[in-house]
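Some notes on the structure that comes next.
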Number of protein chains: 2
Amino acid sequence: MEKAQAGARGRNANGERAERSAQRDPERTRASILAAATKEFAENGMGGARVDAIAERAGINKRMLYHYFGDKEQLYLAVLEEAYIGIRTAEKSINLSDLEPEEGIAELAMFTWRYFLEHPEFLSLLGTENLHRARWLRQSTRLKELHSQLMGKLSELLDRGRAKGIFREDVDPLHLYLTMAALGYFYLSNQYTLSTIFGRDLAERASLEGWERHIVHVTLASIRR
Amino acid sequence: MEKAQAGARGRNANGERAERSAQRDPERTRASILAAATKEFAENGMGGARVDAIAERAGINKRMLYHYFGDKEQLYLAVLEEAYIGIRTAEKSINLSDLEPEEGIAELAMFTWRYFLEHPEFLSLLGTENLHRARWLRQSTRLKELHSQLMGKLSELLDRGRAKGIFREDVDPLHLYLTMAALGYFYLSNQYTLSTIFGRDLAERASLEGWERHIVHVTLASIRR
DNA sequence: CTAGTTTGTAACCAATTAGTTATTTATTGC
DNA sequence: GCAATAAATAACTAATTGGTTACAAACTAG
């Protein structure tokens, strides 16, 4: 091509950013690298992911990937951090304090299940990261505070249920969260081997709906007095 | 080295195999390749595992690996099949028919948990295989019959408990197995990220024992009338 | 004892891979 | 308008990787 078109460039009358030039757009480039990397790492793991494949999926030159993220490992960590921020941010938006304790627990259990169902790449990334014993996650500083909020919410629901006399005295909020998460995570992340060896398609709509009800049932049964 | 020592070779007086030559021993070579491959695939996944690393771990020449197993993918499938045979074989040895229904379920839940705890490589292999949507497991023919036995055992326990009036009417044996497996699998396979984000070491002895009790409690609570 | 087969080794190869260099083009602060 | 800087491309490289070739030693059947 020759010179740039005068069309979509610079700032508009209000001094705000106009729509970016088709030729240069750092934010969009960065975002598309991150999105492409999320897919590639989720599908192939850290060891199986290919930097060239990420560049191609993102429609950018490989050099840009190193420009924005340093190297493959830092890119992977950025992907992982963004994935955690995604679920914890979505969690924030559910309001549990208006609900009865049992309803609140059920709501959180269903939220977790549905989030896992709609974000298979999150599950894959967790699997990959654990394969490597949290080697990269442990380097991340800015994640821990995200999780104390979740524990706080659960503790509050448990306290209210205990005061009402409907929940057991000795429920550990971490155990409760792990129970809900385990039931959703295992079913979805292992659906391929499970469907194969048990000869039942776990991805069918009816099976998925049945498992959601099962999760709520098991979770509540485990904490009721 | 020069000529072979006459020492440990050929057959003994009874015509049986004597202890193998130090120089040639196909069975031992094959077994050590399989053991080394199990470790390498479990630690690094299919994409991250290195054929050279397997050969080195096994203390054999890489050529032998191709001689016995064809290529990397067939070796991986052999590792996976052996891992499944391992757990299903161990399961066979527990006798549930002498136990009361509740005890039987508890026994199976504890067995599953302990097997997972003692065979982390099995969990890793499942994770890797599911990352690839059971691509290799689906090619395996000889695995399905292994699993119908397990379902049979569970159905029998559930029937007896239902007849006794202590279990609910509508329990799906597959759901029951998935519940026990999910609680063990998730805790162990995700222990590294979970310990990191929640700031609690899930591998501590007391935590592990607490989780075993939790699994039994949740499993039984979910099926009791 | 010997020819054929199996088990084993060492060195090699073509393809792939993470990361770089050299260079050009667009954008921005002054 | 213009120098400085940021964004982008294409081509390259050194190391690694899965798989192979050529060859040698050990075992077995007749």
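Computed from a predicted model, the values in this text were never measured in an experiment. Numbered from 1 within each chain, the chains take letters A, B, ... in sequence-line order.
Checked against dT20(D), dT7(C), dT9(D), the side chain of R63(A) finds its nearest nucleotide in dT9(D). In the set dG18(D), dA18(C), dA7(D), the nucleotide with an atom closest to the side chain of H67(A) is dA7(D).
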Please test D52(A) against R57(A) for salt bridge (charged side-chain N to carboxylate O under 4.0 Å, His left out), starting from the C-alpha separation and ending with a verdict. CA-CA 9 Å; D52(A) 290 282; R57(A) 290 178 105 133; over 6 Å; no
Chi angles and distances behind the ring-ring contact (aromatic ring centres under 6.0 Å, His included) call for F186(A), Y185(B): CA-CA 7 Å; F186(A) 179 74; Y185(B) 182 94; 5.2 Å; yes
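For dA7(D), its base never sits under 3.5 Å from the side chain of N61(A) at any donor and acceptor pair.
Axis angle, first five pairs versus last five pairs of the helix from dC1(C)-dG30(D) to dC30(C)-dG1(D): 20°, rounded to 10°.
Judged purely by atom type and a 3.5 angstrom limit, Q191(A) uses its side chain to pair as donor or acceptor with the backbone of L188(A).
Residue Y68(B) places none of its side-chain N or O atoms closer than 4.0 Å to OP1 or OP2 of dT6(C). Phosphate proximity of dA8(D) to T29(A): present, with a side-chain N or O under 4.0 Å from OP1 or OP2.
Annotation: E56(A), atom CD; neighbour count of heavy atoms from other residues, nucleotides and ligands within 6.0 Å does not exceed 12.
The 5' end of DNA chain C is approached more closely, in terms of each residue's nearest nucleotide, by R30(B) than by the other of R30(B) and Y66(A).
Between the NZ atom of K62(A) and the C1' atom of dA11(D) there is a distance of 10 Å, rounded to whole Å. The NZ-P distance, from K72(A) to dA18(C), rounds to 5 Å in whole Å. In this structure, M64(B) places its CE atom 13 Å from C1' of dC23(D), rounding to the nearest Å. Following rounding to the nearest Å, E27(A) (CD) and dT27(C) (P) show an atom-to-atom distance of 14 Å. Rounded to whole angstrom, the span from the CG atom of L75(B) across to the P atom of dG19(D) amounts to 10 Å. Put simply, CZ on R50(A) is 14 Å from C1' on dG19(C), counting in whole angstrom units. Atom CD1 in I60(B) sits roughly 12 Å away from atom C1' in dT7(C) (whole-Å rounding). Atoms CG (L65(A)) and P (dA7(D)) sit 15 Å apart, rounded to a whole Å.
With contacts defined as side-chain heavy-atom distances shorter than 4.5 Å, the pair L208(A)/L202(A) does not qualify. Under the 4.5 Å side-chain criterion, counting only non-hydrogen atoms from C-beta, F69(B) is in contact with R30(B).
At a threshold of 4.0 angstrom between heavy atoms, the contacts of A49(B) are confined to the sugar-phosphate backbone, with no base atom among them.
Residue Y187(B) is tested with Y192(B), F116(B), W113(B), F198(B) for a ring-ring contact (aromatic ring centres under 6.0 Å, His included); the sole match is W113(B).
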